[in-house]
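Written below as structure tokens is the structure these notes are about.
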2 protein chains.
Amino acid sequence: MAGNYSVQRETIYQALKSTKIHPSADWVYARCREKMPGIGLATVYRNLEALVEQGRAIKINVAQGKDRYDADISPHFHTVCPVCGKVSDCETDEDIVALLERECGKRGYQGWSLVFTDVCPDCRTNK
Amino acid sequence: MAGNYSVQRETIYQALKSTKIHPSADWVYARCREKMPGIGLATVYRNLEALVEQGRAIKINVAQGKDRYDADISPHFHTVCPVCGKVSDCETDEDIVALLERECGKRGYQGWSLVFTDVCPDCRTNK
DNA sequence: AATAAAATGAGAATTATTCTCAAATTTGCT
DNA sequence: AGCAAATTTGAGAATAATTCTCATTTTATT
């Protein structure tokens, strides 16, 4: 297999690793442009997908339109704010992780995703 | 509060209740047009959202673009096929449900969603 | 260094969803 | 039942997110 590396891809990966906000493609694009003004949006989309395929990132699908990405591939839970769509990490109970991993294996599934709904502090305040 | 009823809304709800495929808006649209040829696509989108707000349906966010809806509002798990995006119900372990409900309450969250990744039989065959 | 393979940037194209608004339906009242 | 106010509809335009195309550049292989 040839290829599999480009300056852009690593820049994108670094940008993704640098944050815990579970950014969308356009956030990553803006971040990358600071270091690499010529980078294209399509390149960002392409490489985020590539990172997911390579197992270096995960994609989180939530309402509010945009797909979100996360370079933290360890098994963990997320919350989504039903008002603004913000995705956050939340306390991840290791016993539940173990249970889900076991359940997943038992059923022959490839993975799981546990997402809680939680109005975020910002949206709770502005209400 | 006035309003809150229309022939269209009930037709859309019936269409959604009639299937277990967790359809997207366009599927519901096509289904409704059989009984009500003049119905508009925007009406379907509007009412699916309304049903979710009323707690009569849930929205399932998965990759592959389209949002999916489900008139089954009982707590249950889903699988998503990473190849074709199909959403299915899967065996829902009541002990895990109870655990997640408890965890949710303990944390003050409003709800949870547990989705497993599983290549569906069709995609397993065509490979 | 030469060649093949893969990735890029730009913008066009596609897809899903939301918005706008005049007309129609439904609701609440008398 | 009849009427006004409120809500909802259908059609198509508008928006937003993502994917595609393709000529050029970068990376990998010899």
Side-chain angles (χ1 to χ4, degrees), chain A residues 1-16 22-54 56-69 80 82-87, chain B residues 1-16 22-54 56-69 80 82-87:
Chain A
M1 162 207 339
N4 211 34
Y5 167 85
S6 75
V7 184
Q8 287 85 345
R9 181 168 304 167
E10 291 315 308
T11 304
I12 289 163
Y13 183 57
Q14 292 308 322
L16 189 59
H22 310 84
S24 53
D26 62 338
W27 185 96
V28 175
Y29 176 56
R31 196 65 147 58
C32 288
R33 295 237 285 181
E34 292 167 10
K35 304 240 163 157
M36 187 181 265
I39 198 170
L41 179 56
T43 301
V44 172
Y45 272 100
R46 265 191 303 248
N47 281 297
L48 287 171
E49 272 320 301
L51 289 168
V52 170
E53 265 163 43
Q54 291 171 9
R56 295 206 281 163
I58 57 169
K59 188 183 199 169
I60 307 164
N61 300 106
V62 289
Q64 314 275 349
K66 309 178 195 173
D67 289 339
R68 310 298 216 87
Y69 296 86
V80 177
V83 180
C84 70
K86 193 185 299 162
V87 178
Chain B
M1 156 213 336
N4 209 35
Y5 167 83
S6 75
V7 182
Q8 286 84 345
R9 182 169 305 167
E10 291 315 309
T11 303
I12 289 162
Y13 183 56
Q14 291 309 321
L16 189 59
H22 310 82
S24 53
D26 62 337
W27 186 95
V28 175
Y29 176 55
R31 197 63 146 61
C32 289
R33 294 239 286 181
E34 294 168 9
K35 302 238 165 163
M36 188 181 263
I39 198 169
L41 178 57
T43 300
V44 172
Y45 272 100
R46 266 190 306 245
N47 281 296
L48 287 171
E49 270 323 298
L51 289 168
V52 171
E53 267 164 40
Q54 293 172 8
R56 296 207 280 162
I58 58 169
K59 188 181 196 168
I60 306 164
N61 302 105
V62 289
Q64 315 274 348
K66 310 179 195 172
D67 289 339
R68 309 299 213 89
Y69 296 85
V80 176
V83 180
C84 70
K86 192 185 301 164
V87 178

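Throughout, protein chains are lettered first and strands after them, A, B, ... in sequence-line order, and every chain is numbered starting at 1.
Residues A/N61 and B/V62 approach most closely at CG-C, 3.6 Å, considering heavy atoms. Here the shortest heavy-atom pairing between B/A25 and B/V44 reads O-CG1, 3.6 Å. The heavy-atom pair separating A/G85 from A/R68 by the smallest distance is O-NH2, 3.3 Å.
The B/Y5 side chain lies nearest to C/dT26 when the options are C/dT17, C/dC19, C/dT26. Candidate nucleotides C/dT26, C/dG9, D/dT19 were compared by shortest atom distance to the side chain of A/Y45, and D/dT19 ranks first. With D/dT9, C/dT18, C/dA7 as the choices, the nucleotide that has an atom nearest any side-chain atom of A/R9 turns out to be C/dA7. Comparing D/dG10, C/dC19, D/dT18 by their nearest atom to the side chain of A/L41 picks out D/dT18. Looking at the side chain of A/R46, the nearest of the listed nucleotides C/dT27, D/dT21, D/dT9 is D/dT21.
Between the NZ atom of A/K59 and the C1' atom of D/dT19 there is a distance of 11 Å, rounded to whole Å. Protein atom NZ of A/K66 is 16 Å distant from nucleotide atom P of D/dT15, rounded to whole Å. For the pair A/Y29 OH and C/dT8 P, the computed distance is 14 Å after rounding to whole Å. When rounded to the nearest whole Å, the span between CG of A/N61 and P of C/dT17 equals 12 Å. The CG atom of A/N4 sits 19 Å away from the P atom of D/dT26 (whole-angstrom rounding). For B/D26 and C/dT17, the CG to P distance is 8 Å, given to the nearest whole Å. Separating the CG atom of B/D67 from the C1' atom of C/dT15 is a distance of 12 Å, rounded to the nearest angstrom. Note: CG (B/L48) to P (C/dT18) measures 10 Å, nearest angstrom.
With respect to the salt-bridge test (charged N to carboxylate O, under 4.0 angstrom), the residues A/R56 and A/E10 qualify.
Place A/N47 and B/R68 on DNA chain C by their nearest nucleotides, and A/N47 ends up nearer the 5' end. Ranked by how close their nearest DNA chain C nucleotide is to the 5' end, B/Y69 and A/G38 are led by A/G38.
Between B/Y29 and B/R33, the side chains place a donor N or O and an acceptor N or O closer than 3.5 Å (distance only, hydrogens not considered).
Residue contacts shown for A/S6 are limited to sugar-phosphate atoms, with no base heavy atom under 4.0 Å away.
OP1 or OP2 of C/dG9 sits under 4.0 Å from a side-chain N or O of A/Q8.
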